[in-house]
Amino acid sequence: AQSVTQLDSQVPVFEEAPVELRCNYSSSVSVYLFWYVQYPNQGLQLLLKYLSGSTLVESINGFEAEFNKSQTSFHLRKPSVHISDTAEYFCAVSEGRSQGNLIFGKGTKLSVKP
Amino acid sequence: NAGVTQTPKFQVLKTGQSMTLQCAQDMNHNSMYWYRQDPGMGLRLIYYSASEGTTDKGEVPNGYNVSRLNKREFSLRLESAAPSQTSVYFCASREGQRYGYTFGSGTRLTVV
């Protein structure tokens with residue numbers, strides 16, 4: 001069965017510092033991988049996704065994630081964070097078959113301090 | 001704007017009361033989902049509907065029922081609310097396997 005592990009429940013970081021939010025998954029078949037962001041009191045928004053092809057995927061606001069099949073990881077990175085990046089981030093995986101529902105990790109709260 | 005609409009946004013129930021959470025999407029998506037979000041637990045799937053006319057249990061279905069009324073609407077019913085059902089409920093829809101979910105803004109439910 002699939003599972004998603006987000007290794008850090010909270011990550012505090014200073015503004016303009018780099019950040020990495022870690023995500024590992026377990027699956028025996030090919031997968032699709034997603035990162036979602038949830039700002040306070042809002043729903044989840046898709047940040048980026050990996051389906052196939054290039055293992056490095058980017059979002060429009062400077063985040064990137066790299067799919068590593070051998071380590072079954074999909075870590076999210078940003079070289080320089082802003083106060084506005086403060087949010088909870090969820091990693092999710094679905095198996096690459098006809099009806100693979102998304103399985104979510106428990107989330108990582110990113111807190112950016114001035 | 002196109003998207004997923006949930007009503008109500010907030011609700012307080014007494015133990016034993018019933019209520020229905022409404023969800024509608026206007027993106028012509030086939031699949032719809034209900035999740036609950038609790039602190040430290042992430043999102044857990046309650047029920048889903050892969051297509052109009054079908055529904056299936058997710059990870060935590062006990063105490064809930066669903067209805068896929070038509071392609072647009074997918075409701076979640078609590079027949080006899082319990083304090084353990086205090087949570088934030090999210091509805092989502094999806095165009096297909098290669099697309100992520102589109103989420104509604106959530107319903108914050110408190111059962112006292």
Side-chain angles (χ1 to χ4, degrees), chain A residues 1-10 21 23-25 27 29-53 57 59-60 63 65 74 76 87-109, chain B residues 1-7 9-10 21 23-25 27 29-51 54-61 66 74 87-109:
Chain A
Q2 298 175 82
S3 66
V4 179
T5 301
Q6 292 184 244
L7 296 165
D8 304 299
S9 59
Q10 298 188 50
L21 307 183
C23 173
N24 288 87
Y25 68 92
S27 177
V29 299
S30 62
V31 296
Y32 299 144
L33 295 157
F34 303 83
W35 275 101
Y36 283 83
V37 58
Q38 184 181 33
Y39 298 104
N41 299 314
Q42 294 187 25
L44 279 75
Q45 303 171 34
L46 181 64
L47 188 60
L48 47 75
K49 63 183 178 182
Y50 170 79
L51 303 178
S52 62
V57 291
S59 72
I60 59 173
F63 282 94
F74 191 54
L76 182 69
E88 190 160 17
Y89 293 79
F90 292 91
C91 182
V93 61
S94 70
E95 291 183 347
R97 54 182 173 84
S98 61
Q99 186 56 46
N101 295 327
L102 281 184
I103 304 299
F104 287 86
K106 294 186 177 181
T108 297
K109 290 185 178 178
Chain B
N1 291 335
V4 178
T5 302
Q6 290 184 238
T7 56
K9 294 190 182 302
F10 301 94
L21 281 65
C23 175
Q25 51 91 8
M27 298 169 286
H29 289 172
N30 285 320
S31 302
M32 297 186 73
Y33 306 83
W34 276 105
Y35 283 88
R36 61 177 289 174
Q37 183 180 25
D38 302 290
M41 301 293 288
L43 280 83
R44 292 181 292 171
L45 182 63
I46 304 171
Y47 271 94
Y48 67 98
S49 172
S51 61
T54 68
T55 61
D56 286 287
K57 295 179 180 179
E59 180 185 358
V60 288
V66 291
F74 188 40
S87 187
V88 181
Y89 291 85
F90 287 100
C91 178
S93 68
R94 179 170 71 173
E95 180 176 353
Q97 180 69 19
R98 298 174 63 83
Y99 302 89
Y101 292 179
T102 300
F103 281 87
S105 58
T107 295
R108 189 173 296 272
L109 175 67

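These numbers were taken from a predicted model, which means no experiment stands behind them. Chain letters run A, B, ... following the sequence lines, proteins first and then strands; every chain starts at 1.
Looking at heavy atoms from C-beta onward, A:Q38 lies in side-chain contact with B:F90 at the 4.5 angstrom threshold. In this structure, the side chains of A:L102 and B:Y35 come closer than 4.5 Å at one or more pairs of heavy atoms. Contact check for B:R108 versus A:N41: side-chain heavy atoms found under the 4.5 Å cut-off. Put simply, the side chain of A:F34 does not reach to within 4.5 Å of the side chain of B:Y101, judged on heavy atoms.
If you measure heavy-atom distances from B:Q37 to chain A, the contacts under 4.5 Å come from the side chain alone. At a 4.5 Å heavy-atom cutoff, the contact between A:L51 and chain B is made by side-chain atoms alone. Interface remark: B:L43 contributes backbone and side-chain atoms alike to the contact with chain A (heavy atom separation under 4.5 Å).
A:Q42 is linked by a side chain to side chain contact (heavy atoms under 4.5 Å, CB included) to A:Y39, A:Q45, counting only residues two or more places apart in sequence or in another chain. In this view, B:T55 satisfies the side chain to side chain donor-acceptor pair (under 3.5 Å) rule with no residue, not counting sequence neighbours.
Heavy-atom neighbours of A:K109 NZ from other residues, nucleotides or ligands within 6.0 Å: at or below the threshold of 12.
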